[in-house]
Each structure stands twice: as C-alpha cells, then as structure tokens.
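Reading through the structure tokens given below for one structure.
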There are 2 protein chains.
Amino acid sequence: MSPRVGLDLLTIINTAAEIADTDGVDNVTLAAIARKLNVRSPSLFNHIQGLPELKRHLSLRGLTLLNEKLTEAAKGKMKDEALISMAYGYLEFSREHNGLYDLTLSAPEPNDEEMQTASRKIIQLLSNILSDYHLTNENTIHAIRALRSILHGFSSLEQKQAFNLAVEPEESFQVLIAGFISYLNQLGS
Amino acid sequence: MSPRVGLDLLTIINTAAEIADTDGVDNVTLAAIARKLNVRSPSLFNHIQGLPELKRHLSLRGLTLLNEKLTEAAKGKMKDEALISMAYGYLEFSREHNGLYDLTLSAPEPNDEEMQTASRKIIQLLSNILSDYHLTNENTIHAIRALRSILHGFSSLEQKQAFNLAVEPEESFQVLIAGFISYLNQLGS
DNA sequence: ATTACAAACTAATAGTATTAGTTATAATAA
DNA sequence: TTATTATAACTAATACTATTAGTTTGTAAT
C-alpha cells in the first residue's frame with residue numbers, strides 16, 4: 001500500500017509551518033502533522049529527532065523569513081524611510097505568519113550557534129538602519145531595544161486581539177513609529 | 001489513609017500559580033499540581049472543571065494582581081511621576097510573576113465578562129494617568145496602545161532573554177519611558 | 001446513631017510523544 | 001536480470017497527559 005510515500009524533512013517543516021500559521025503554535029503536534037500527511041506519526045521520526053527539534057526548525061525559518069522581509073523592506077531606503085518601511089514589514093510579517101512569528105521569540109539554547117546567528121542578523125539590520133541617526137554606541141543599544149519593544153509589543157498585542165477596534169490599529173502604529181523617530185532625533189542631539 | 005485532605009479551589013489556584021511563576025506556564029499541568037498536593041489528579045475535578053478553567057483563574061489572578069500593583073504604584077502621583085512609577089511597577093510585576101504575566105495576555109472568550117472587566121480596569125488606569133496630558137480622545141487611544149506596546153514589548157523581550165546584557169536593561173527602560181513622555185507631549189500640542 | 005453529601009479514590013478511555021522491532025520498497029551490486 | 005542492502009513507513013508497546021465514571025469513606029447534619 002503505502003511505504004515510500006516520499007516524506008522528507010522539508011515537507012514536514014512546510015506542513016508544520018502551515019499548521020502553526022493557521023491553527024496556532026499549540027496545534028503543531030506530530031499527530032496533527034502525520035494526519036495531514038496521511039502517515040503514522042512514528043514515520044516522522046525517520047526525518048526528525050522529535051517535536052522540540054522540529055519547533056527549532058520552525059523558529060529558524062521564522063527568523064530567516066522575517067529577516068528577508070525586513071531586509072527587502074528597507075532596501076535602497078535611508079533613515080526615516082527605511083525605518084518606517086521596515087516597521088510595516090515587521091507588522092505585516094507577524095500578521096501573515098502568526099505561528100512562525102511566535103516561534104521566532106522562543107529563547108534559543110545558549111550554545112545554538114545557528115539560532116543565535118539568525119537572531120543576530122535581525123538585530124544587525126536594525127542597527128544598520130539606526131546608524132543613519134548617528135547615535136552613541138550606548139544609545140544605539142537603547143534604541144534597538146526600544147524599537148524591538150515597540151515592534152514586538154504592538155504586533156503581539158494585535159495578534160492577541162488586545163486592541164478594541166474602534167480606532168484603526170494601523171493608525172496607532174503609524175503614530176507610534178512617528179513617535180519613535182522623534183525619540184531617535186532627541187537621542188541623537 | 002487520605003480522604004478529606006482539605007483540598008479547595010484556592011489551594012489549587014495557589015499551587016498552580018506557583019508552578020506558573022517558577023516553572024513556566026507550560027508546566028502548569030493537573031498532574032504536576034496533583035503531585036505537589038499529594039493527591040491524585042482526578043481529585044482536582046471536585047473543585048475545578050478542567051485545566052482550561054484553571055488557567056482562566058490564573059489569568060484573572062494575574063490581571064487582578066497587576067492592576068493592584070499598577071494602581072498602588074501610581075497612587076497619589078501625577079503626570080510624569082505617575083506614569084514612570086506605574087511603568088516600573090509593570091516591569092517589576094512581569095519579573096516577579098513570569099507565568100501569571102504571560103497568562104494575563106491570553107485572549108479572553110468574547111462573552112467572558114469577568115475577564116473583560118479585569119482587562120478593562122487596567123486600560124482604565126492607563127487612561128486615567130494619560131488624562132493628565134490632555135489628549136484628544138483619538139490620541140488617547142493611540143497613546144494607550146503605544147504605552148501598552150512599550151510595556152508589554154519590553155517586559156516580554158526581557159523575559160525571553162532577548163536582550164544581551166552588556167548594557168543594563170533597566171537603563172534602556174528608563175530611556176524608553178522618557179521617550180514615551182516626550183511623544184505624549186508632542187501629541188498634546 | 002443514622003443518613004447523606006461530597007471529597008478523594010481507583011479504573012478506564014482517549015490523546016499526546018516516543019522507542020523498538022518488522023516489513024517491504026527502492027536503489028545498488030552481482 | 002536477479003540478489004543484496006539500506007531505510008522509509010509500518011505496527012506494537014510504553015509512558016505521559018486530561019478527563020469521565022463509578023466506588024469508598026470521612027464528616028457534617030439529623
């Protein structure tokens with residue numbers, strides 16, 4: 001009947017990512033993935049070590065896609081324009097990839113170089129964008145943390161439906177980013 | 001041997017809260033709670049409906065404690081002083097109650113009045129503090145969202161160890177709140 | 001002292017991840 | 001072309017989880 005269905009790591013990750021983004025991270029189970037692939041769950045172990053390893057793959061994919069999206073958004077732009085475009089890219093990513101976005105924030109193992117590198121790339125991108133504002137090293141660190149707090153906080157709250165919708169979230173986001181830019185200008189002077 | 005141990009809802013919630021704050025929300029299981037209370041897990045069902053209901057109790061406790069802490073922090077203070085004090089209270093709460101803090105952000109069921117009310121109280125407190133800045137209604141909404149994004153974003157990232165510790169997080173938080181205050185002053189003019 | 005409520009129990013079911021061991025297919029060697 | 005071999009997918013089993021049903025028994029009220 002079925003042996004040699006053609007399962008492989010990529011297929012499994014893709015299926016898991018789909019479940020994560022449509023049904024939420026909590027529904028990423030080997031059982032659900034196996035069901036979706038018409039396979040018994042032990043079969044998955046021929047391609048992965050277990051669920052934790054698979055989730056790490058998803059984190060990695062989330063970080064990679066996010067980095068690509070932000071890089072693309074900022075490409076060829078400078079200062080405010082780059083920052084604003086990147087910020088909207090971030091928000092969009094969290095909306096499009098609900099589950100993967102959540103997973104980008106799971107703390108990596110202390111010795112997981114690959115994850116650390118993927119995270120660092122995003123920080124580096126933010127740092128590059130902020131370099132247009134000519135801050136001191138210490139203020140750059142403050143600014144990166146502030147920016148991440150704003151982006152993550154807003155995205156996360158929106159995702160958790162923490163905003164009543166009487167006023168467009170989009171508009172609040174725009175005002176928030178504008179405020180951050182004036183904060184940057186103050187830091188730089 | 002054991003019947004009539006003296007189990008009750010409060011004891012169960014307290015034990016669950018302790019596990020949440022020390023071992024993380026994912027480790028809040030009926031099995032773990034029962035072990036800690038030297039009881040078999042079905043016994044818990046004499047006092048709770050099930051795990052989801054228990055987690056809702058924890059959310060509610062988190063929201064209540066957070067509200068108390070923020071209210072206390074802002075009490076008798078005005079404007080910048082109230083805002084800053086409240087902000088530090090928020091950060092402190094997320095540090096002291098890792099697990100409960102996470103649970104305060106789980107989206108409430110649409111018809112869960114009690115949860116909605118508990119959430120609204122915190123929004124109301126923020127709104128009261130911000131009223132000292134004389135914003136328009138719409139800008140007040142933007143400002144509440146911005147403030148929540150900042151507070152949640154920073155707390156959440158810190159909790160997830162997303163900050164390298166070369167520079168004190170505390171200092172970044174201080175700069176961030178100062179930036180928010182100047183954002184408020186701009187909005188108000 | 002008896003009754004009766006309900007707290008805690010045991011037993012059982014169903015769903016999860018995971019391991020061990022089997023079968024059979026696809027790729028390779030003869 | 002056939003025999004060999006590696007391994008993909010399988011079944012069976014174990015160990016957790018939550019939850020339900022049904023039993024025992026302490027405790028409180030009569």
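If you're wondering where the values come from, they're calculated on a predicted model, not measured in any experiment. Labels below follow one simple rule: chain letters A, B, ... track the order of the sequence lines, proteins then strands, and each chain is numbered from 1.
Just one of A/V25, A/L58, A/D21 meets the side chain to side chain contact (heavy atoms under 4.5 Å, CB included) condition when paired with A/D102; it is A/V25.
One finds a salt bridge joining B/K36 and B/E18 here, because a Lys/Arg side-chain nitrogen approaches an Asp/Glu carboxylate oxygen to under 4.0 Å.
Atom CD1 of A/I33 and atom P of C/dT16 are 12 Å apart (whole Å). One can place CG of A/N27 at 13 Å from C1' of C/dT16, the figure rounded to the nearest angstrom. When rounded to the nearest whole Å, the span between CZ of A/R40 and P of D/dA12 equals 10 Å. For the pair B/D26 CG and D/dC16 P, the computed distance is 19 Å after rounding to whole Å. In this structure, B/L54 atom CG and D/dT17 atom P are separated by 15 Å, rounded to whole Å. As rounded to whole Å, 16 Å separates atom P of C/dA6 from atom CG of B/L9. At whole-Å resolution of the value, CG in A/L7 and C1' in D/dT7 are 13 Å apart.
The side chain of B/S43 contributes an N or O atom lying less than 4.0 Å from OP1 or OP2 of C/dC9. Within the structure, every side-chain polar atom (N or O) of B/H47 is placed at least 4.0 Å from both OP1 and OP2 of C/dA6. The side chain of A/R35 places an N or O atom within less than 4.0 Å of a non-bridging phosphate oxygen (OP1 or OP2) of C/dT16.
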Using atom names, set out every protein N or O paired with an N or O of nucleotides 19-21 of chain D below 3.5 Å, distance rounded to 0.1 Å.
unit_1, atom_1, unit_2, atom_2, d
D/dT19, OP2, B/L51, N, 2.7

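At least one side-chain heavy atom of B/H152 sits under 4.5 Å from a side-chain heavy atom of B/Y101. Residues B/L7 and B/I12 are in side-chain contact: their nearest non-hydrogen atoms beyond the backbone lie under 4.5 Å apart. By the 4.5 Å heavy-atom criterion applied to side chains, A/M115 and A/R56 are counted as neighbours.
With B/Y90 as the aromatic partner, B/K69 does not meet the cation-pi criteria of under 6.0 angstrom to the ring centre and within 45 degrees of the ring axis.
Stem regions for DNA chain C, each three or more consecutive Watson-Crick or G-U pairs with both distances under 3.5 Å and listed by first number, read C:1-30 with D:1-30.
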(request) Just do the side chain to side chain contact (heavy atoms under 4.5 Å, CB included) check on A/F163 and B/S149 with the steps written out, would you? (result) CA-CA 11 Å; A/F163 297 145; B/S149 295; 4.2 Å; yes

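The two residues B/A74 and B/S85 have their closest heavy-atom pair at N-OG, 4.4 Å.
Taking 3.5 Å as the limit, the base of C/dA8 and the side chain of B/N46 contain a donor-acceptor pair of atoms between them.
Residue pairs meeting the side chain to side chain donor-acceptor pair (under 3.5 Å) criterion with at least one member in residues 170-185 of chain A, sequence neighbours excluded, are A/R95-A/E170, A/S172-B/H142, A/S172-B/R145, A/S182-B/Q186.
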